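What you are looking at is a predicted structure, and each value in this text was computed from that prediction instead of being measured. Residue numbering restarts at 1 for every chain, and letters A, B, ... go by the order of the sequence lines.
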Amino acid sequence: MLRNGLLDSPSSITSLINMYSKCNRIGYAFGIFNTASPDRNVFAYNATIASLVAHGQAEKGIELYREMREIGIIPDRFTFPCVIKGLSDLMNASEVKKAHGLVFKLELTLDVFVGSALINCYLKFGLMQEAEMLFDRLSTRDVVLWNSMVNGYAQTGQLDKALEVFREMCEVGVVPSRFTVTGVLSVFSEMDDLESGRAIHGFVVKIGYGSSVPICNALIDMYSKCKSMEDAFEIFATTEGKDLYSWNSIISAHESSGDYDATLRLFGKMLSRRVRPDLVTVTTVLPACSNLAALSHGKAIHSHILVSGNRYDTNDVLLNNAIMDMYVKCGSMRDALSVFENMRNKDVASWNIMIMGYAVHGYGNAALDFFRQMRDRRFRPDMVTFIGVLSACSHSGFLRQGREFLAQMESLYGVVPTVEHYTCIVDMLGRANQLKEAYEIARSMPFESNSVVWRALLAGSRLHGNVEIAEIALTKVLELDPGHCGSYVLISNAYVAAGRYDEVIDVRDLMRQKNVRKVPGCSWIELKDGVHAFINSDKTHPLSDRIYAELLSLTARLSEQGYVPGT
DNA sequence: CAAGTGCAAT
């Protein structure tokens with residue numbers, strides 16, 4: 001076509017580039033731009049830069065911007081919005097400052113689009129004063145500009161400021177748009193302010209935005225963050241044309257309310273409705289698998305990620321951490337390790353997950369080995385790292401090293417110990433029957449003690465049948481957390497271990513008096529067709545006879561190996 | 001010839 005002279009004018013080239021860009025064919029758009037080399041004017045450059053930036057290829061777009069500057073093409077008011085957006089994607093603050101200087105020189109500062117791009121960029125960089133100054137100077141502040149300010153404050157966590165700007169915009173008579181509403185709803189989600197969220201919901205209906213999918217999505221999220229699940233589900237159920245955000249929002253709502261069964265169910269429903277999950281979906285669903293110890297579901301999601309080509313960024317650290325954590329919590333350190341070893345980018349959390357995994361599965365040496373490796377590769381251990389390290393010492397009985405780590409974590413690594421670290425130490429000493437020292441630490445540690453610490457001490461006392469310390473610990477637990485039924489069971493077991501059966505009855509009485517009920521123990525077992533929940537002594541499962549038979553033989557094999565259950 | 005803002009997970 002080009003050779004035939006049908007598209008020989010610069011304006012047709014620009015139109016063609018725009019057409020391909022709109023159809024998401026940036027390869028073609030870029031190709032047209034490249035073949036049209038003698039006819040490249042500012043229009044062709046603008047269209048191509050815009051296309052590249054809009055499709056996440058800011059690097060290439062900025063390259064073109066530099067090229068057009070070098071050959072002496074003067075950028076115009078259409079060039080800057082996409083160039084600034086591109087520089088903001090690349091987090092290149094110094095180039096933005098330069099571009100801003102050029103905008104000033106070319107007298108384009110009063111253009112709303114250029115101004116808006118600059119404002120958004122400064123907001124993204126957290127340079128609030130710069131953004132405010134530009135905003136104040138623009139005389140024609142349209143609703144888009146107001147939205148940028150409201151959302152900029154919302155996204156940087158300055159919630160009060162976001163609401164202040166929102167009120168100001170309403171006062172000067174600018175009618176909120178759909179974009180305003182979603183931003184303001186996110187503020188109320190973050191503030192856990194159900195009443196204000198409901199008020200916005202009312203406004204949404206009144207002004208006729210009720211069928212906007214993004215607004216419904218924001219409402220789902222607001223209601224779920226404000227812990228009103230019924231409302232969240234109601235909105236979801238009535239949203240016409242649910243998109244990826246709708247599904248991700250409702251899945252996340254169930255995940256954060258702790259309903260992991262429903263989380264997985266909704267994920268399956270989403271797939272059956274042919275809505276394709278993305279990185280956000282899987283990073284929300286994986287923890288649900290972890291919590292249910294649903295290894296096969298987790299593995300299925302992992303496989304789905306691996307076979308989905310470029311759909312997922314398999315170098316994403318958070319995604320890989322979620323996969324590793326799932327394998328750790330489902331008990332497969334081997335799979336976790338293989339993910340860890342194949343990760344190109346690792347962060348402190350990646351190491352922490354492995355250390356904690358080895359710790360709780362009883363591989364104390366492996367945990368400490370990973371700690372040393374992480375340190376040698378110049379990762380800075382943090383609070384969580386030391387929880388893992390101390391848990392490793394506790395679970396594997398490395399008393400000397402545990403004490404050493406606690407003593408050195410601040411001086412050598414700059415991590416100030418917290419109650420949780422002391423709890424690990426109390427737990428460690430308790431398991432090792434060093435109950436006096438454990439009690440001393442629980443009593444005198446430099447923090448307000450909490451029930452978790454005393455429960456750790458109680459668990460240690462039970463394990464070794466130390467009724468005296470168990471009683472002290474129980475008193476403390478009940479003082480700090482009166483409803484905790486596990487404590488009654490623990491002390492009851494301590495009396496059993498000490499042979500003081502008459503007092504076991506006292507505990508049952510006490511529980512009755514305090515109206516405390518033991519929540520039945522529950523375990524999960526994964527069979528071919530899914531995860532099954534078992535409540536202690538539950539005989540309702542269709543296969544319970546076979547399962548209990550299997551459990552009995554398992555227990556027998558365990559005791560042959562010298563394992564004595566601590567009940 | 002053509003442009004700027006929102007909602008989901010860590």
Peer 1: Are the side chain of A:Ser189 and the backbone N or O of A:Leu185 linked by a donor-acceptor pair below 3.5 Å?
Peer 2: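 The answer is yes, because a donor-acceptor pair under 3.5 Å joins these two groups.
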Peer 1: Between atom CZ in A:Phe236 and atom P in B:dA8, what is the gap in whole Å?
Peer 2: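 Computing the A:Phe236:CZ to B:dA8:P distance gives 16 Å.
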Peer 1: Choose from B:dA8, B:dA2, B:dA9 the nucleotide whose nearest atom is closest to any side-chain atom of A:Tyr245.
Peer 2: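 Selected nucleotide: B:dA8.
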Peer 1: Within this structure, what is the CD1-to-P distance between A:Ile119 and B:dT5, rounded to whole angstrom?
Peer 2: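 After rounding, the reported distance stands at 12 Å.
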Peer 1: Do A:Ser249 side-chain and B:dA8 base share a donor-acceptor contact under 3.5 Å?
Peer 2: no
Peer 1: Specify the separation, in whole Å, of atom CG of A:Leu52 and atom P of B:dA3.
Peer 2: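 So the CG-P distance, A:Leu52 to B:dA3, works out to 15 Å.
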Peer 1: For a quick check of understanding: with a heavy-atom distance under 4.0 Å over all strands, which category does A:Asp221 fall into, base, sugar-phosphate or nothing?
Peer 2: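 It contacts sugar-phosphate atoms only.
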Peer 1: Would A:Tyr312 and A:His304 count as a ring pair (Phe, Tyr, Trp, His ring centres under 6.0 Å) if you check the C-alpha gap in whole Å, the side-chain angles of each, and the deciding distance to 0.1 Å?
Peer 2: CA-CA 10 Å; A:Tyr312 298 95; A:His304 157 81; 5.3 Å; yes
Peer 1: Take A:Lys60 and A:Glu63, measure what salt bridge (Lys or Arg N to Asp or Glu O under 4.0 Å) needs, and give me the verdict at the end.
Peer 2: CA-CA 5 Å; A:Lys60 278 191 192 162; A:Glu63 221 171 90; over 6 Å; no
Peer 1: Over how many whole Å does the gap from A:Met169 atom CE to B:dG6 atom P extend?
Peer 2: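 To the nearest whole Å, that distance equals 14 Å.
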Peer 1: To the nearest 0.5 Å, how far apart are CG in A:Asn321 and CG in A:Leu286?
Peer 2: 11.0 Å
Peer 1: Rounding to an integer number of Å, can you tell me how far A:Leu244 CG sits from B:dG6 P?
Peer 2: 17 Å
Peer 1: Using whole Å, report how far CD1 of A:Ile200 lies from P of B:dG6.
Peer 2: 18 Å
Peer 1: Which one, B:dC7, B:dA3, B:dG6, comes nearest to the side chain of A:Asn217?
Peer 2: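 For A:Asn217, the side-chain atoms sit closest to B:dC7.
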Peer 1: Has the side chain of A:His55 got a donor or acceptor atom that lies under 3.5 Å from a matching backbone atom of A:Ser51?
Peer 2: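 Side chain of A:His55 to backbone of A:Ser51: a pair is present.
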Peer 1: Does a distance-only test, which skips hydrogens and angles, find a donor-acceptor pair under 3.5 Å between the side chain of A:Asp142 and the base of B:dG4?
Peer 2: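 Pair found.
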Peer 1: In whole angstrom, give the distance that lies between atom CG of A:Leu319 and atom P of B:dA8.
Peer 2: 19 Å
Peer 1: Mind checking if A:Val112 touches a base, just sugar-phosphate, or nothing, with heavy atoms under 4.0 Å?
Peer 2: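 If one applies the 4.0 Å heavy-atom cut-off, A:Val112 turns out to touch a base.
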Peer 1: According to the 5.5 Å centroid and 30° plane-angle thresholds, does A:Phe78 stack upon the nucleobase of B:dA2?
Peer 2: yes
Peer 1: With a 4.0 Å cutoff (strictly under), does any side-chain N or O of A:Lys225 reach OP1 or OP2 of B:dC7?
Peer 2: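 For B:dC7, neither OP1 nor OP2 has a side-chain N or O of A:Lys225 closer than 4.0 Å.
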Peer 1: For A:Gln155 and B:dC7, is the shortest distance between a side-chain N/O and OP1 or OP2 below 4.0 Å?
Peer 2: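 Answer yes for this pair, as a side-chain N or O of A:Gln155 is under 4.0 Å from OP1 or OP2.
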Peer 1: So what does A:Asn321 hit on the nucleic acid, given a heavy-atom distance under 4.0 Å: a base, only sugar-phosphate, or nothing?
Peer 2: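 Nothing: the residue A:Asn321, judged by heavy atoms under 4.0 Å, touches no strand.
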Peer 1: Taking the side chain of A:Arg77 as heavy atoms from C-beta outward, which of B:dA3, B:dC7, B:dT5 is closest to it?
Peer 2: B:dA3
Peer 1: Measure from the side chain of A:Thr283, starting at C-beta and using heavy atoms only, and say which of B:dA9, B:dG4, B:dA2 lies closest.
Peer 2: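 The answer is B:dA9.
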Peer 1: Does any donor-acceptor pair link the side chain of A:Thr182 with the base of B:dC7 at a separation under 3.5 Å?
Peer 2: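 It does not, because no donor-acceptor pair links the side chain of A:Thr182 to the base of B:dC7 below 3.5 Å.
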Peer 1: Give the rounded distance in Å between these two atoms: CG of A:Asn46 and P of B:dA2.
Peer 2: 12 Å
Peer 1: Should A:Ser252 be listed as having a side-chain N or O under 4.0 Å from OP1 or OP2 of B:dA8?
Peer 2: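 Negative; the distance criterion is not met.
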Peer 1: Under the criterion ring pair (Phe, Tyr, Trp, His ring centres under 6.0 Å), I'd like the reasoning laid out for A:Phe233 against A:Tyr223: C-alpha separation, chi angles, the key distance, then a yes or no.
Peer 2: CA-CA 9 Å; A:Phe233 205 83; A:Tyr223 279 124; over 10 Å; no
Peer 1: From C-beta outward on A:Asn41, which listed nucleotide comes closest to its side chain: B:dG6, B:dC7, B:dC1?
Peer 2: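 Side chain of A:Asn41 sits closest to B:dC1.
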Peer 1: Which part of the nucleic acid, if any, lies within reach of A:Leu145 when heavy atoms closer than 4.0 Å are counted: base, sugar-phosphate only, or nothing?
Peer 2: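 Base, at least one base atom sits under 4.0 Å.
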